[in-house]
Protein chains: 2
Amino acid sequence: MVTISDVAHAAGVSKATVSYVLSGDPRITQATTLKVQHAIDELGYTVNHAARALSVRKTKTIGVVSPAFHGNYLSALFGLYVYLLSEEATKRGYDTLLIGENDGFEAMHEAWSSKKVDGFILMDVKDEDPRVSYAAKEHIPTVAFGSPKNSYGLDTVDSDFAKAASSILHFLASEGHKEVILIPWSHTIFDQGLGYAWRFLDSAIETAKRLDLKMHVEYPKDDDSDPSPLIEHALDTHTKATALILHNEPATIVAPQVLARRNLRTPDDLQVVTVFPKQLATSMKISFSAVRPDIAQLSEAAVGALLRRINNPKAQTVTRYLDYPLTQEPE
Amino acid sequence: MVTISDVAHAAGVSKATVSYVLSGDPRITQATTLKVQHAIDELGYTVNHAARALSVRKTKTIGVVSPAFHGNYLSALFGLYVYLLSEEATKRGYDTLLIGENDGFEAMHEAWSSKKVDGFILMDVKDEDPRVSYAAKEHIPTVAFGSPKNSYGLDTVDSDFAKAASSILHFLASEGHKEVILIPWSHTIFDQGLGYAWRFLDSAIETAKRLDLKMHVEYPKDDDSDPSPLIEHALDTHTKATALILHNEPATIVAPQVLARRNLRTPDDLQVVTVFPKQLATSMKISFSAVRPDIAQLSEAAVGALLRRINNPKAQTVTRYLDYPLTQEPE
DNA sequence: CTGAAAGCGCTTACAG
DNA sequence: CTGAAAGCGCTTACAG
């Protein structure tokens with residue numbers, strides 16, 4: 001293996017000088033820089049990550065902490081988040097360590113105390129999430145990706161689900177709808193205190209009231225069983241409803257089949273509006289009118305917030321709810 | 001931060017002894033082990049990962065190398081693979097570093113030469129994949145997750161897609177079908193030389209011939225556009241076909257809507273068979289008869305093969321194609 | 001059965 | 001402008 005000593009020797013300088021060249025120290029002459037660069041290229045040298053990490057006490061690695069499946073249900077969005085988070089981290093010179101966490105913070109603690117990472121991004125944050133309180137108590141650079149009621153002073157990034165609900169209802173009202181159905185996330189999700197579910201629902205209810213829209217809320221019990229019967233039932237029961245709001249991934253996935261089966265066309269027979277990320281709508285062939293969060297942008301915000309925190313642990317806490325417009329389909 | 005010296009001091013022994021206790025060296029008395037354990041618990045000590053890695057030249061980390069999106073298309077399976085691979089690695093005492101790779105091996109090379117990982121798992125391996133030849137040439141412990149034509153001596157793990165195709169056709173023949181439609185992966189995928197596409201198709205064609213089944217193959221052009229029209233067209237054209245084989249993720253996702261729209265019921269009006277992993281069929285509400293690869297098991301095999309290789313670089317090359325039965329739906 | 005010491009490959013004050 | 005040396009926190013022959 002080629003080390004810094006080899007490079008130093010080949011270039012006829014000291015290890016210190018090589019190191020300074022590597023870090024672009026302005027005190028080094030261009031002449032020596034060139035010599036050293038040449039030796040580096042010649043030998044194919046790369047800094048040993050562990051050695052550097054040990055020396056500078058930074059790993060340039062962020063931990064992405066994902067909770068386990070919700071029951072058997074794995075959101076199709078999970079992969080997208082992980083992928084884009086990691087891509088964004090790479091852009092900023094960081095690596096991404098995947099940390100699976102099962103309703104606790106043991107794995108996080110292990111990674112932190114052994115100094116494997118410089119900070120964390122917590123996915124799918126819940127109310128009273130043990131990961132949040134742990135990170136806050138230990139003053140670990142951490143951003144909560146999601147919106148718990150209490151973030152204990154952690155930086156927070158999420159889509160603005162309250163705004164999304166309000167946009168959707170305003171849109172429906174402006175189109176003249178008077179009675180609508182909302183299929184929100186399941187009880188399982190609400191019971192876990194997942195902010196995106198609550199924030200959307202609360203805002204939807206309030207906005208509907210304010211706009212004098214009649215809204216029927218039909219909750220699925222869980223996320224494992226087929227939501228089709230629930231949709232069918234809702235349509236059968238609320239026959240005057242002219243629009244269907246889906247804030248529920250499984251329901252959004254099956255909705256097209258249900259509509260096809262009933263021979264309903266969108267938006268003429270029934271207006272359907274959902275919340276589904278831009279990047280996945282294509283892959284999953286979801287073509288309803290929707291508020292489309294941009295996961296790449298959310299990832300950028302999350303990673304940005306984390307690096308800012310890592311570089312300045314006592315910076316002011318930041319909370320960012322990113323807002324996405326409703327796009328109509330077909331356009 | 002608490003270091004091994006702190007523990008040694010607190011326990012009244014040397015650093016070496018603490019280290020030996022940590023590694024369970026049998027030469028250490030139970031008495032001292034107890035003393036040291038106590039100090040460790042007291043102080044909340046955890047081994048510094050970089051220091052250990054630097055010393056032993058092993059990181060206990062595996063790199064999972066994922067290619068970029070295929071165009072705009074992100075397989076919903078991606079998240080599942082990453083998740084289960086990481087879970088399996090954790091079980092075996094390894095961390096998972098995510099490495100995004102864009103049609104080359106630069107990121108891999110960077111991770112390897114800076115000693116960030118002990119080996120790699122390559123996702124979505126293609127024919128003439130530069131990652132494969134790189135790993136082979138540099139003798140880097142690596143397993144190819146997927147089946148390229150030439151694996152250059154790398155260990156390989158994949159579902160047995162040839163077997164899957166043959167199971168499906170035998171099943172259809174046994175049910176009395178004489179004429180069937182196959183929608184395989186898109187040209188984009190075939191052109192990239194993705195083994196799962198080729199192996200399935202070749203085997204399907206050969207088996208159909210042997211069983212005297214008439215099979216119409218209808219290729220989608222790419223994976224971004226809606227495959228529904230293609231399915232519609234296939235059904236319109238091949239009116240005598242009584243079964244539809246889907247080996248294409250987007251087509252599998254939209255098929256239920258297409259069938260619903262045409263008022264076709266499965267399996268009475270049209271038998272539909274697909275290949276879709278167990279763990280995702282539920283989430284994605286795919287309930288066709290199918291060969292269901294078990295991604296947890298595949299991940300276990302991949303991680304197992306990699307650790308074996310890491311621990312024994314000159315072990316015999318292993319190629320494992322895991323075989324999954326066809327399960328009928330409804331049962 | 002345990003400890004002193006060297007070494008892993010870097011970085012960074014500090015001298016000069 | 002550059003180098004010698006200490007230090008980051010471990011592990012592991014080697015002595016005893």
Side-chain angles (χ1 to χ4, degrees), chain A residues 1-40 43-61 93 95 110-118, chain B residues 1-40 43-61 93 95 110-118:
Chain A
M1 214 195 53
V2 22
T3 73
I4 197 173
S5 301
D6 301 328
V7 175
H9 191 242
V13 299
S14 73
K15 294 191 306 178
T17 301
V18 176
S19 183
Y20 287 135
V21 168
L22 252 20
S23 62
D25 191 301
R27 294 174 306 178
I28 304 294
T29 339
Q30 195 178 347
T32 44
T33 300
L34 249 41
K35 271 196 311 196
V36 171
Q37 276 300 356
H38 186 73
I40 287 176
L43 301 174
Y45 169 73
T46 313
V47 175
N48 180 304
H49 183 253
R52 170 175 281 174
L54 179 58
S55 186
V56 305
R57 294 144 170 284
K58 286 277 180 232
T59 60
K60 287 273 195 173
T61 304
D95 287 320
E110 198 280 326
W112 179 250
S113 56
S114 57
K115 298 287 163 220
K116 285 174 184 167
V117 300
D118 296 337
Chain B
M1 216 194 52
V2 22
T3 71
I4 198 173
S5 300
D6 301 329
V7 175
H9 190 242
V13 298
S14 74
K15 295 190 306 178
T17 303
V18 176
S19 183
Y20 288 135
V21 168
L22 252 19
S23 62
D25 190 301
R27 293 174 307 177
I28 303 295
T29 340
Q30 194 177 350
T32 43
T33 300
L34 250 40
K35 269 196 311 194
V36 171
Q37 275 302 355
H38 186 74
I40 287 175
L43 300 176
Y45 169 73
T46 314
V47 176
N48 180 303
H49 182 253
R52 171 174 281 173
L54 179 57
S55 186
V56 306
R57 295 142 171 283
K58 285 276 179 234
T59 60
K60 286 272 193 174
T61 304
D95 287 319
E110 198 281 325
W112 179 251
S113 56
S114 57
K115 298 286 162 222
K116 285 174 183 166
V117 301
D118 297 338

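Values in this document were obtained by computation on a predicted structure and should not be read as measured data. Excluded from the calculations below are hydrogen atoms, water molecules and symmetry mates; all remaining heavy atoms, backbone and side chain alike, are included.
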Whole-Å gap separating [atom2] ([N]) and [atom1] ([X]):
X	N	atom1	atom2	result
L54(A)	dC10(C)	CG	P	12 Å
I4(B)	dG3(C)	CD1	P	12 Å
H49(B)	dT11(D)	NE2	P	11 Å
K58(B)	dG9(D)	NZ	P	24 Å
K15(A)	dT11(C)	NZ	P	10 Å
L22(A)	dG9(C)	CG	C1'	12 Å
Q30(A)	dT2(D)	CD	P	12 Å
H9(B)	dG3(C)	NE2	C1'	15 Å

So, OP1 or OP2 of [N]: does either fall under 4.0 Å of a side-chain N or O from [X]?
X	N	result
Y45(A)	dC10(C)	yes
T29(B)	dT2(C)	yes
T17(B)	dC1(C)	no
S55(B)	dC8(C)	no
R52(A)	dT11(C)	yes
T3(B)	dC8(D)	no
S14(B)	dT2(C)	no
R57(B)	dC8(C)	no

Side chain of [X], heavy atoms from C-beta onward: which of [options] has the nearest atom to it?
X	options	answer
V13(B)	dG3(C), dT12(C), dC10(D)	dG3(C)
A51(A)	dT11(C), dC10(C), dT12(D)	dC10(C)
A16(A)	dA4(C), dC10(D), dA5(D)	dA5(D)

Requested in this report: First locate atom OG1 of T17(B), then atom CZ of R27(B), and finally report the distance between them rounded to the nearest 0.5 Å.
Outcome: 9.5 Å
Report summary line: Rounded to the nearest 0.5 Å, the OG1 atom of T32(A) sits from the CD atom of Q37(A) at a distance of 10.5 Å
Determine whether [X] and [Y] make a side-chain contact, defined as any pair of heavy atoms from C-beta on separated by less than 4.5 Å.
X	Y	value
V13(B)	Y20(B)	no
H49(B)	T59(A)	no
N48(A)	T3(A)	no

Query raised in the report: Mapping R27(A) and K35(B) to their closest nucleotides on DNA chain C, which lands nearer the 5' end?
Result: K35(B)
Report summary line: Comparing nearest nucleotides in DNA chain C, the 5'-proximal residue of the pair I28(B), S5(A) is I28(B)
Query raised in the report: Looking for any heavy atom pair under 4.0 Å, which part of the strands does T46(A) touch: base, sugar-phosphate only, or nothing?
Result: sugar-phosphate
Requested in this report: Remember a base hit wins even if backbone is also touched, and classify S23(A) as base, sugar-phosphate or nothing at under 4.0 Å, heavy atoms.
Outcome: nothing
Query raised in the report: Should the pair K115(B) and W112(B) be classed as cation-pi, given the thresholds of under 6.0 Å to the six-membered ring centre and 45° from the axis?
Result: yes
**Report entry** Strand partner of dA4(C), provided both Watson-Crick or wobble distances fall under 3.5 Å
**Finding:** none
Report summary line: In Watson-Crick or G-U wobble terms, with both distances under 3.5 Å, the base opposite dA13(C) is none
